[in-house]
Amino acid sequence: GGLAFVLLVIGAISKAGSMPFHSWIPDAAIDAPTPFMAIIPASLDKLLGIYFLTRVTFDMFRMEKNSWASYLLMIGGAATIILAVMMALIQKNYKRLLAYHAISQVGYMVLGIGTALPVGIMGALFHMINNALYKSCLFLTGGSVERQAGTSDLGKLGGIGPRMPVTFACFLITAAAISGVPPFNGFFSKELLYGGALERGVIFYLAAIMGTFLTAASFLKLGHSVFFGKINKENEDIKESPLAMTIPMVVIALVCIFFGIFSFIPVNKLILPVLGSRALEAHPYTGFPDNMMLVAITIVVLICAFLNHLYGVKRTGSALKSLDHIRYAPGLSPIYDRAEKGYFDPYDIVLKVVNLVAGISWRLDRLIDWFYSYFSVKAAYVVSSGIRRLHDGNHKVYVIWSIAGAVAVIIFLFKG
């Protein structure tokens, strides 16, 4: 049963894009069309993977809190939150940065399910819905900027907010939502997750709240680099995207606001019917305003992220480099250096192992081919040539061979 559970969980989190099964998402962000990123990794994969994970853990196997399976999911979720958002901090491409955040947000969902508490599961499913909304809109804003500016390189952007007001407004709303800023939808689902994580252990809550700090810091860097500051000469004539692109963004952004202000509607109409009686098991609703302590901590963390951004900009004079004090911090710098070279990328590691095995297999194949095609032929030729020289037609030689053979047979029989 344990092996079956682990294999099904691997399938579910692979579909959702959790670490370590995430490598394709940042690469796809660069090469794939933006609509694909908005639909598949940003929303559909998360919905399918997390919903399947919920069914596996609570309908097929009935995972209990304090079980090894519960801790396995919580540890995996917490690690995904931190490691993915740490990689998002150093990205200098709009869509690649969003891709790492898509991975990090999955960590919150896995962590919530891993708590095996009604509040955590509710938070994970609510966050799954919210993430599909704001992450899709964020990728659409990235596509809008790329279409109009001709690039998603943050170093070539800046100051386009006044020229693309609709895209800018949608970015602000959805960036605030993913960062957990009240009263947007991401704030309410994260508060549920915080409540479940804190009940299971302070370390898991700290991982979740640290993820919020780093997420907000990352989006402050992104928004400032793209929409504020001095505009580049190449973008002086930039205009807003056509209605076919702005209308979907506006609709999704408005839903993010609606699901925040009226968060009880998706919770009561979409999530509770799925969880059934399990959601009513002696656990209060710990979102705002039921737990003001967690809400206050979240607001303090968001303020700290803003102050951190101001410090970084003042220190470097650049929004793009506003997080360099984290990137080049003692102890983190060598780790980041190796991470950027792909040393910790599971795909690259497996690829190197596969190449090594393939190389060894190829050499083994050549050795076998050499043995049968050259060595055995040469050996047979040498033996047959030697035998041919011994059988020279001389009567005395044949008599000697006959006697030697008879002696060998006699020795064998007596020895046996």
Side-chain angles (χ1 to χ4, degrees), residues 26 29 81-101 103-105 138 141-142 145 149 151-164 167-168 171-182 186 206-236 296-344:
I81 292 171
I82 299 299
L83 296 178
V85 77
M86 290 293 287
M87 288 302 296
L89 290 178
I90 64 172
Q91 301 307 313
K92 293 179 172 58
N93 182 282
Y94 197 132
K95 295 191 295 182
R96 190 172 176 85
L97 185 149
L98 293 180
Y100 275 107
H101 279 294
I103 299 165
S104 179
Q105 294 303 301
L138 284 167
T141 65
V145 169
T151 181
S152 58
D153 186 343
L154 301 185
K156 299 178 181 179
L157 296 168
I160 65 174
R163 290 170 170 79
M164 300 184 68
T167 300
F168 179 36
F171 171 83
L172 285 180
I173 293 170
T174 49
I178 192 174
S179 300
V181 176
L206 292 177
I209 204 69
M210 177 58 71
T212 293
F213 171 82
L214 297 174
T215 299
S218 180
F219 276 98
L220 285 166
K221 164 192 165 180
L222 174 60
H224 194 164
S225 299
V226 175
F227 298 103
F228 291 93
K230 186 178 180 180
I231 194 168
N232 292 336
K233 291 182 178 180
E234 296 83 357
N235 298 325
E236 286 181 347
I297 292 174
T298 299
I299 294 174
V300 169
V301 166
L302 292 172
I303 293 173
C304 289
F306 180 71
L307 295 175
N308 173 79
H309 179 71
L310 293 180
Y311 166 76
V313 172
K314 184 177 181 180
R315 181 174 177 270
T316 62
S318 168
L320 187 59
K321 298 179 180 179
S322 61
L323 295 174
D324 280 4
H325 58 283
I326 297 178
R327 163 64 177 85
Y328 296 104
L332 288 179
S333 183
I335 297 175
Y336 267 125
D337 290 338
R338 289 169 174 78
E340 288 187 299
K341 293 177 182 178
Y343 289 173
F344 306 131

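With rounding to the nearest 0.5 Å, the separation of OG in S322 from CG in L310 is 9.5 Å. Here the CG-CG distance, from L222 to L98, works out to 6.0 Å after rounding to the nearest 0.5 Å. Separating the CD1 atom in I209 from the SG atom in C304 is a distance of 10.0 Å, to the nearest 0.5 Å. Summarising the geometry, atom CD1 belonging to I326 is positioned 6.0 Å from atom CG belonging to L214; distances are rounded to the nearest 0.5 Å.
Using a 30° and 60° split on the angle between ring planes, F171 and F219 fall in the tilted class, from 30° to 60°. Ring-plane geometry between Y311 and H325 is classed as perpendicular, the angle between the planes exceeding 60 degrees on a 0 to 90 degree scale with a lower cut at 30.
Of the possible donor and acceptor atoms, one in the side chain of R338 sits under 3.5 Å from a partner among the backbone N and O of P334. Checked by atom type and distance alone, the side chain of S179 pairs as donor or acceptor with a backbone atom of A175 at under 3.5 Å. At distances below 3.5 Å, at least one donor-acceptor pair connects side-chain atoms of S104 with backbone N or O atoms of I81. In this structure, Y336 contributes its side chain and M86 its backbone to a donor-acceptor pair below 3.5 Å.
Residues in residues 214-227 take part in these side chain to side chain donor-acceptor pair (under 3.5 Å) pairs, two or more places apart or across chains: H101-S218, H224-H309.
In this view, K95 and E146 satisfy the salt bridge (Lys or Arg N to Asp or Glu O under 4.0 Å) rule, not counting sequence neighbours. Looking at residues two or more places apart in sequence or on another chain, you find a salt bridge (Lys or Arg N to Asp or Glu O under 4.0 Å) between R327 and D337, E340. Applying the ring pair (Phe, Tyr, Trp, His ring centres under 6.0 Å) test to F213 and every residue at least two apart in sequence or in another chain returns nothing. Residues that satisfy the salt bridge (Lys or Arg N to Asp or Glu O under 4.0 Å) test with D324, not counting sequence neighbours, are absent from this structure.
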N308 and L323: side-chain contact (heavy atoms from CB on, under 4.5 Å), yes or no, with the steps?
CA-CA 8 Å; N308 173 79; L323 295 174; 3.5 Å; yes
Check step by step if side-chain contact (heavy atoms from CB on, under 4.5 Å) holds for F227 and L172.
CA-CA 10 Å; F227 298 103; L172 285 180; over 6 Å; no
Intermediate values then yes/no, ring-ring contact (aromatic ring centres under 6.0 Å, His included), F228 and F168
CA-CA 10 Å; F228 291 93; F168 179 36; 5.3 Å; yes
Would you tabulate the side-chain donor-acceptor contacts of residues 151-164 under 3.5 Å, counting partners in other chains and residues two or more places apart, or write 'none'?
{"residue": "T151", "atom": "OG1", "partner": "D153", "partner atom": "N", "Å": "3.0"}
{"residue": "S152", "atom": "OG", "partner": "N93", "partner atom": "OD1", "Å": "3.4"}
{"residue": "S152", "atom": "OG", "partner": "N93", "partner atom": "ND2", "Å": "2.9"}
{"residue": "D153", "atom": "OD1", "partner": "G155", "partner atom": "N", "Å": "2.9"}
{"residue": "R163", "atom": "NE", "partner": "E236", "partner atom": "O", "Å": "3.1"}

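Contact record, G211 with V85: O-CG2, 4.3 Å, taken as the closest heavy-atom pair. Closest approach of T298 to G180, counting heavy atoms only: CG2-O, 3.9 Å. The shortest non-hydrogen separation linking A217 to A305 is N-CB, 4.0 Å.
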